[in-house]
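Contents: one structure, followed by commentary.
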Amino acid sequence: MQAIILAAGMGKRLKELTQNNTKCMIKVHHQTLIERMLKQLEALSLKRIIIVIGYKGNKVQDLVGDSINSTPILYIENKIYDKTNNIYSLYLAKDFLMEDDTILLESDLIFESSILDKLINHPYPNLAVVAKYQSWMDGTVVQLDEDNNILNFISKKAFQFNQKDAYYKTVNIYKFSKDFSKNKYIPFLEAYCKALGNNEYYEQVLKVISLLDKPDLKALTITSEKWYEIDDLQDLNNAEALFAQGNQALAMYGKRYGGYWRFPMLLDFCYLVNPYFPNTRLKEELKANFDNLLTEYPSGMQVNAQLAARYAGTSSEQIIVGNGAAELINGYMHLSAERITGVILPTFEEYPNRLDPKQIIYYTPDNADFSYTGSDIISFFDNKPIQQLLIINPDNPSGNLLRKEEIESLIEWSERKCIRLIVDESFLDFARQGKTISLLDKRILDRHPLLIVIKSISKSYGVPGLRLGFLASGDKELIQALKKEISIWNINSFAEFYMQIFIKYIDDYEKARLKFIEERERFLSRLRTVPFLRVIPSAANYFLCEITDTYTSEELCGLLLSKNNILVKDCGKKAGFGGKQYIRIAIRDRKDNDTLVDALTLL
């Protein structure tokens, strides 16, 4: 068996990275794509490797040489690479194709070696490696029958989004038998080039073959195996994250701050959402209005404040809508930067990160669960010169919940001391008694103008992609000042429409909330069976867990990511933990939660 690598392309979309090098010479983690691919092929003990070069082909030859260990490397030059496409590059290698069974690859790929192992060991002689279509993928897709026969190759132009669930993306790795190449592929390749020219793709020939009564071409479907096709700088960035190892992978995913839909194999226990809402009908209503929402401007800030007021039970003068709570946190902290602020550690660091460290006074509870009461807070800060106090209820990451009477005592104390009280209720709906504790109420805000309530809609309502958050206060001058700080069109039409229709789904949301609370209790019981974790009870949608043995937090997170594609939050370096080892685990649905517990148990 031999391998043929198509490496003649210019890679214009990679910009400066391919000005002086060919596409296959870009590096992922200090190794070029072509060198990585050659090492993977060399391990298969092939007869030879043929590389079709074109743009900057001499640099490929200089880098690679004439062999890798004992495997010879031959070159074919496509001299008109700038006027042709990969069908012509493969046409130039047709004589080699007819001489031996062949693995055909494109040079802009990075993939796990297990894909080649599956391909070589599969008994069927002619295979196209494919993966279930995901939204990040681009290029040729195929449709399969129940026996993995390829029914059709579908180009980008013929792609139908309403059929995407039936599509599989070609990985651009193939196995052709000598007989298939000689009697089917090459005759059709020659005829196709003669009839339609050389500026086409070789998959078009496979499309023609797939329409025959006996195409003799099947699909090898991969699932969890990692691969990526690198066409531009964004692809390169994604590939670097996907193929990072251990602690480096943790760091790279952490710096992305989301966007994990590009990595469908990743199970995210880091970011915090509601696994049971929105329901199917709400999503269908959003989809049904997609065209209008996409092409129409959203309303201005005042109209959206009215929607938010209905949503939150306040007046429109008391509330401002944000592009996520993060926008409002940033805006408010900018306005109050001179105030000395009391903060409880460990905490959600978006707040203190927006302040001068010299303006912060920290309180760290003196117990293993980082729990505290309203009395504890008052006792600590009573003689401190703070001008505002931050309370996250339930707290993040501890999950500690203050009862209604404790919140009321804090409001009374803060008013007596003329301290502005900021209460973040982003996770409050996950508490069993959450609705009775909430301060999002017109009468409460009117009575307590020093009170500020912040709520992220992403967390409770499971819509982080909409970027919605509220800030409410009885201090109407503060609300007006914030509205001047923020763009008039700071949320999009989809988020506005969601606020408009949510009221119809309140009962469904309550059912989802109770279902979540039930799953949290079950998940807590299962997590407590993991011998090296001490799980702290939580009123929110996450558990803070102390690692009591065997691993550091960084080691445990790295193992889960590298072995199981599971991402959890490493809290080991977070302020307030005193060097102890903690992780935070988001609560997902039953299936995902059990997957995590099983992975932890098998480590």
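Heavy-atom basis, side chains included; hydrogens, waters and symmetry copies ignored.
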Selection residues 380-398 - residue pairs positive for salt bridge (charged side-chain N to carboxylate O under 4.0 Å, His left out), sequence neighbours left out: Asp382-Lys417
Salt bridge (charged side-chain N to carboxylate O under 4.0 Å, His left out): pairs with one or both residues in residues 433-461, sequence neighbours excluded: Asp429-Lys455, Lys435-Glu510, Asp441-Arg443, Lys442-Asp446
Would you say that more than 12 heavy atoms from the other residues, nucleotides or ligands in this model lie under 6.0 Å from the [atom1] of [X], or not?
| X | atom1 | value |
| --- | --- | --- |
| Glu477 | CD | no |
| Lys164 | NZ | no |
| Glu412 | CD | no |

Could you list the donor-acceptor pairs under 3.5 angstrom formed by side chains in residues 246-254, with sequence neighbours left out?
unit_1, atom_1, unit_2, atom_2, d
Asn247, ND2, Glu554, OE1, 3.3
Gln248, NE2, His29, ND1, 3.3

When you compare the side chain of [Y] with that of [X], does any pair of heavy atoms fall below 4.5 Å?
| X | Y | value |
| --- | --- | --- |
| Ile392 | Val423 | no |
| Ile437 | Leu428 | yes |
| Pro397 | Lys569 | no |
| Leu560 | Asn565 | no |
| Val568 | Arg584 | no |
| Leu439 | Ile411 | yes |
| Asn323 | Leu468 | no |
| Val343 | Ile361 | no |

Check ring pair (Phe, Tyr, Trp, His ring centres under 6.0 Å) between [X] and all other residues, then give those that pass, not counting sequence neighbours.
| X | value |
| --- | --- |
| Phe516 | Phe430 |
| Tyr582 | Phe370, Phe577 |
| Tyr276 | none |

Are any of the side-chain nitrogens in [X] or [Y] under 4.0 Å away from the carboxylate oxygens of its partner?
| X | Y | result |
| --- | --- | --- |
| Glu519 | Arg522 | yes |
| Asp549 | Arg534 | no |
| Lys287 | Glu284 | no |
| Asp165 | Lys132 | no |

Spacing of CD1 belonging to Ile547 relative to CG belonging to Leu556, to within rounding of 0.5 Å: 4.5 Å
Show me, pair by pair, the donor-acceptor contacts under 3.5 angstrom made by side chains of residues 235-245, not counting sequence neighbours?
unit_1, atom_1, unit_2, atom_2, d
Asp235, OD2, Asp231, N, 2.9
Asp235, OD2, Asp232, N, 3.4
Asn237, OD1, Arg256, NH1, 2.6
Asn238, OD1, Gln234, NE2, 3.0
Asn238, OD1, Arg256, NH1, 3.4
Asn238, OD1, Arg256, NH2, 2.5
Asn238, ND2, Tyr228, OH, 2.9
Asn238, ND2, Gln234, O, 3.4

Okay, side chain of [X], backbone of [Y]: is any donor-acceptor separation there less than 3.5 Å?
| X | Y | result |
| --- | --- | --- |
| Ser473 | Ile452 | no |
| Asn393 | Glu425 | no |
| Ser538 | Ala540 | yes |

is_close_aromatic(Phe427, Tyr542), centroid dist under 6.0 Å: yes
Verdict with reasoning, Asn367 to Tyr372, per side-chain hydrogen bond (donor to acceptor under 3.5 Å, both in side chains): CA-CA 9 Å; Asn367 61 77; Tyr372 53 85; over 6 Å; no
Test: Arg588 cationic atom under 6.0 Å from Phe269 six-membered ring centre, within 45° of axis: yes
Side chain to side chain contact (heavy atoms under 4.5 Å, CB included) partner of Phe470, chosen from Ile454, Ile457, Thr314: Ile457
Counterpart residues, side-chain hydrogen bond (donor to acceptor under 3.5 Å, both in side chains), relative to Tyr505 (two or more places apart): Glu285
Listed partners of Asp589 passing side-chain hydrogen bond (donor to acceptor under 3.5 Å, both in side chains), at least two apart: none
Candidate pair Arg420 and Ser414, rule side-chain hydrogen bond (donor to acceptor under 3.5 Å, both in side chains), full reasoning: CA-CA 7 Å; Arg420 186 175 280 172; Ser414 63; over 6 Å; no
Qualifying residue, where the test is ring pair (Phe, Tyr, Trp, His ring centres under 6.0 Å) with Trp136 and the options are Trp227, Trp261, Tyr260: Trp227
No-hydrogen, no-angle side-chain donor-acceptor test under 3.5 Å, Gln306 and Ser316: no
Contacts of Leu355 that satisfy side chain to side chain contact (heavy atoms under 4.5 Å, CB included) - sequence neighbours left out: Met333, Thr341, Ile360
By side chain to side chain contact (heavy atoms under 4.5 Å, CB included) - contacts of Leu335 (at least two apart): Leu478, Ala481, Leu482, Glu485
Testing the basics here: between [X] and [Y], what is the closest heavy-atom pair and its distance to 0.1 Å?
| X | Y | value |
| --- | --- | --- |
| Pro394 | Gly399 | CB-O, 3.9 Å |
| Thr364 | Gly576 | CG2-O, 3.7 Å |
| Ile585 | Leu596 | CG2-CD2, 3.4 Å |

Evaluation steps, side-chain hydrogen bond (donor to acceptor under 3.5 Å, both in side chains), between Asp376 and Thr373: CA-CA 5 Å; Asp376 293 332; Thr373 64; 3.2 Å; yes
Side-chain donor/acceptor pairs under 3.5 Å, residues 491-502, sequence neighbours excluded:
unit_1, atom_1, unit_2, atom_2, d
Asn492, OD1, Phe494, N, 3.0
Asn492, OD1, Ala495, N, 2.9
Ser493, OG, Glu296, O, 2.8
Glu496, OE1, Ser299, N, 2.6
Glu496, OE1, Ser299, OG, 3.4
Glu496, OE2, Ser299, OG, 2.6
Tyr498, OH, Tyr311, OH, 3.3

Audit row: Asn490, Glu327, side-chain hydrogen bond (donor to acceptor under 3.5 Å, both in side chains) steps and yes/no: CA-CA 9 Å; Asn490 66 322; Glu327 180 183 39; 3.0 Å; yes
